Amino acid sequence: MKTSRRDFIRISALGLGALSIGGSSIKAAGKTLFSKDQLNKLMMKRTSTYCEVCFWKCAGWVYSDNDGNIKKVIGHPDDPHCNGRLCPRGTGGVGMYNDEDRLKTPLIRVTGEDGKQTFREASWDEALSFIAEKMKKIAAEHGPECVALFTHGSGGKFWGHLLKAYGSNNISAPSYAQCRGPREVAWIGTFGEELGSPEPTDIRDTQCLVLIGSHIGENMHNGQIQEMSDAIDKKATIITVDPRFSTAASHSKYWLPIKPATDIALLLSWMHVLINEGWYDKDYVAKYTYGFDQLKEHVKDFTPEWAYGITTIQPDVIRKTAREMFNAAPSVIVHPGRHVTWYGDDTQRLRCVAILNALLGSWGRRGGFYLGIETTIPGFPHPEYPKPKKTWRDAFPGQFVLADLALANGICDATIPAASRDCSFKGWIVNGTNLIFTLPDIRNTKKAIENLELLVVIDTMPMEITGYADVVLPECTYLERYDEIRTSKHRIPTIALREPAADPKWDSKPGWWMAKELGHKLGLDEYFKYKDIEEVLEWQLNKVGSSLDEMKRLGVKKMKPEDGQLLYFEPGADIEFSTASGKIELYATSFSDEGFDPLPKYTPHPEPPQGFYRLNYGRAPMHTFSRTANNPNLTDLMDENTVWVNPKVAKVWGLSNEQYVWLENQDGIVSSFPIKVRITERIRWDSVYMVHGFGHKNEKLTRAHGRGASDSELITTVMVDPIMGGTGMRGNFVTFHTEKPAKGGLL
Amino acid sequence: MRYAMAIDTKKCVGCSDCVVACQTENDVPIGYCRDWIVEVTDGTYPQLETEIRSERCNQCDNSPCVRCCPTGASHYSEGGIVLVTPEKCIGCAACIQSCPYDARYTHPKGYVDKCTFCIHRVKKGMEPSCVAVCPTKCMYFGDLDDPNSAVSKVLKTRKYKVLAPEAGTKPNVYYLI
């Protein structure tokens with residue numbers, strides 16, 4: 001399979017060599033074109049920021065030239081999220097600012113005399129007045145609780161504050177029930193606290209890192225990648241469980257090419273081996289855990305031989321890898337992963353992961369999980385929020401009780417009127433999340449949207465969701481605005497400042513300004529008793545012994561941990577965990593109290609029908625979901641996704657490399673756009689793989705439109721987690737069409 | 001002085017940060033690049049090996065591009081770095097044809113462009129931008145004549161290879177394997 005880079009994959013930009021030998025460009029050569037210092041302009045201005053291209057929020061410095069043009073963004077050396085090194089998206093973040101396809105002015109939906117709906121450009125005053133009137137009407141007729149917020153991004157804090165002041169606490173982020181929710185609930189059920197972000201994985205000092213479908217390196221969680229690299233340098237053992245030969249798998253000592261959807265069987269078998277061989281931290285388990293005997297009894301039959309029949313992983317590999325974990329314990333991390341909504345039993349799978357870490361004694365130990373330390377910044381004073389009379393939970397009596405945050409899909413479902421409910425949502429405010437791509441089953445999302453009286457979308461780009469809005473508000477990018485001070489749990493507490501490096505382009509505005517102005521129109525001035533955000537930041541920073549001036553100078557400030565805050569448990573210390581038993585619960589009493597299995601079980605999941613392949617999806621390091629799909633710098637690195645197909649499968653279907661195909665799923669849904677085939681041994685024969693976030697329908701996204709296919713469109717089977725309402729999305733199967741089918745997609 | 005780079009294929013994840021950092025640092029126009037990512041997979045599922053590496057001009061000791069340049073635009077600079085003087089370049093692209101690494105391209109302004117090891121940064125004591133940005137810290141840069149440089153030290157302890165040794169170019173980018 002060895003090929004040269006010309007024949008094979010070229011992830012980076014094109015346009016080298018032969019393509020450029022044309023004569024026309026040569027004519028342009030002339031001495032006057034080359035100023036002496038052209039390639040090394042002096043960078044005169046430096047402003048502080050933290051990145052908004054993903055949720056990792058790395059701090060950095062933005063460098064601008066004498067004319068005020070933003071030239072580059074460089075990681076802040078004192079920032080523990082990035083240690084001076086931004087990832088490709090952060091480095092290419094300037095493309096978000098430069099993108100000429102950005103939303104430029106507020107838009108209001110209007111219906112012409114011919115019945116045709118269009119957007120008309122509006123002033124901010126018009127747009128916000130329009131929203132305020134609608135919100136007042138909804139509050140009067142249905143109650144303010146019938147307006148919900150969906151958010152992913154820094155501006156969400158201001159919108160959340162506005163919504164609470166208005167009288168609703170239905171604030172949701174798809175990053176919960178469509179992503180990391182199950183692991184948080186599993187962690188709360190086991191350790192009595194959630195993991196949060198960045199996860200406190202002590203990868204830097206680990207001796208064994210176990211990844212279960214977590215593709216670090218393709219997901220660009222910056223600090224973790226850096227530390228995985230450190231771990232490789234220190235010869236740590238990496239064990240990767242993935243049906244695909246991921247980048248992480250290629251860097252691992254052990255790759256376990258598991259049959260998809262059988263992870264729980266492997267995890268139970270690992271527990272069986274650890275307990276039966278006595279390969280667990282006996283002191284830690286005795287002192288800190290609850291329910292070991294029940295667990296031992298529960299896993300007694302889950303032998304590696306039993307698991308082999310389910311997972312296709314050889315029994316000796318299961319034993320060997322269990323031994324590797326024990327050898328490293330407690331400096332071992334069975335990584336919880338991040339996007340974990342796969343098969344609807346995800347909370348239980350993550351319970352397995354939590355239990356394994358507890359058996360190995362890695363929670364609160366060096367090389368396992370550290371205890372993150374955070375500085376709290378007091379909120380700017382405001383009157384108490386009105387108490388909402390109802391919440392999204394009322395739509396799901398007795399369901400998803402262990403969910404600790406609002407479900408984006410729950411709010412979506414509760415927007416579709418049903419006889420069983422007296423309340424349905426009437427208004428959505430959508431901040432920085434392309435719900436058409438983030439929520440599974442687009443048909444359901446569209447149905448919900450049809451029932452809305454008001455849909456406000458705040459974004460920097462004309463993402464698909466903007467096409468359904470009544471009002472579109474153009475947000476300026478993170479490089480053009482202030483936001484709240486970034487605080488985060490880490491080994492050392494830090495605060496970071498985001499300040500504008502340039503004026504907002506066109507008529508775009510920062511989130512804090514929009515929320516304040518809309519608050520004014522809603523008569524909520526008492527909640528916004530400040531002139532501008534600088535006044536808020538100054539007040540907050542003063543409270544923690546800093547100032548805006550100091551932060552502009554420092555960018556990132558290391559804070560002093562409070563007395564008694566330790567990174568790891570002290571040996572032999574008595575610790576009270578925030579669970580019912582006060583211990584780490586191997587046997588989860590909070591689960592049994594609610595009628596859920598207190599110990600995780602393996603249940604088989606549906607298999608692909610004949611001629612279909614399981615649709616697995618993931619990330620590419622140079623993109624963040626669909627958010628970056630039109631970024632000129634990042635599309636230059638990758639401008640479409642491909643569908644990975646095993647050579648055996650390609651042969652059956654007569655597919656060739658780089659051929660475009662349409663995908664059809666088990667429900668007869670066909671991708672709106674064709675996708676390029678990548679024939680590779682790196683994928684199992686029972687599944688295909690594609691990177692999420694491509695296949696955009698909106699022609700206003702000139703670089704992203706029609707490039708690749710959207711996995712979201714093909715996810716119409718949703719396996720809902722009964723414990724916390726997460727949407728399992730890996731139970732979808734696709735087949736190939738080499739000619740465009742008559743049927744269309746859902747976009 | 002002999003500048004060289006070593007790139008650890010055991011750590012590189014192919015994220016392309018080096019590519020975009022080079023573009024923003026050196027004003028490389030979108031659509032072009034001075035460095036790029038290569039991925040090579042060997043074997044049959046599940047017996048697989050994948051090597052991922054960041055490639056660029058090898059700053060060869062015996063550079064075919066310098067030898068074939070009719071105007072002297074391509075030349076050796078300090079520490080053996082191969083540079084192109086845009087004012088002297090006539091855009092004939094002979095160097096592009098001669099390079100076994102496909103490391104050069106014609107800039108839209110008409111001259112041939114390539115990796116400079118960020119000599120403008122190196123002169124100030126900084127690392128090349130690709131090395132400085134890499135989240136995996138898989139790149140090592142320095143002077144081979146200095147036994148204490150990062151690149152000298154890592155080449156002493158690790159196995160390595162160069163690309164296309166058969167071309168006889170004596171490249172100065174090493175891949176740790």
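Just so it is clear: chains get the letters A, B, ... in the order the sequence lines come, proteins before strands, and each one is counted from 1. This structure is a prediction, so every number in the text was calculated from the model and none was measured.
Among B/Lys11, B/Glu49, B/Glu51, the residue making the largest number of heavy-atom pairs under 4.5 Å with chain A is B/Lys11. Counting heavy-atom pairs under 4.5 Å between each of B/Val28, B/Thr50, B/Asp8 and chain A puts B/Thr50 at the top. Interface summary for chain B: among A/Gly90, A/Cys82, A/Pro257, the most heavy-atom pairs under 4.5 angstrom belong to A/Pro257.
When every heavy atom of B/Glu39 is checked against every heavy atom of A/Arg678, the shortest pair comes out as OE2-NH2, 2.5 Å. Taking every heavy atom of both residues into account, A/Pro88 and B/Ser16 meet most closely at CB-C, 4.2 Å.
Taken to the nearest 0.5 Å, the CG atom of B/Asp27 stands 4.0 Å off from the NZ atom of A/Lys71. With rounding to the nearest 0.5 Å, the separation of NZ in B/Lys137 from CG in A/Asp233 is 8.0 Å. Between the CD1 atom in A/Ile225 and the CG atom in B/Asp17 there is a gap of 9.5 Å [rounded to 0.5 Å]. Taken to the nearest 0.5 Å, the CG atom of A/Leu86 stands 10.0 Å off from the OG1 atom of B/Thr24.
At a 4.5 Å heavy-atom cutoff, the contact between A/Asn633 and chain B is made by backbone and side-chain atoms alike. With a 4.5 angstrom heavy-atom cutoff, A/Ile74 does not touch chain B via any of its atoms. Using a 4.5 Å cut-off between heavy atoms, A/Arg89 does not touch chain B at all.
You'll find the side chain of A/Met622 stays beyond 4.5 Å of the side chain of B/Val19, heavy atoms only.
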If you apply the rule side-chain contact (heavy atoms from CB on, under 4.5 Å), what do you find for B/Gln23 with A/Thr91, and how did you get there?
CA-CA 10 Å; B/Gln23 286 172 324; A/Thr91 308; over 6 Å; no
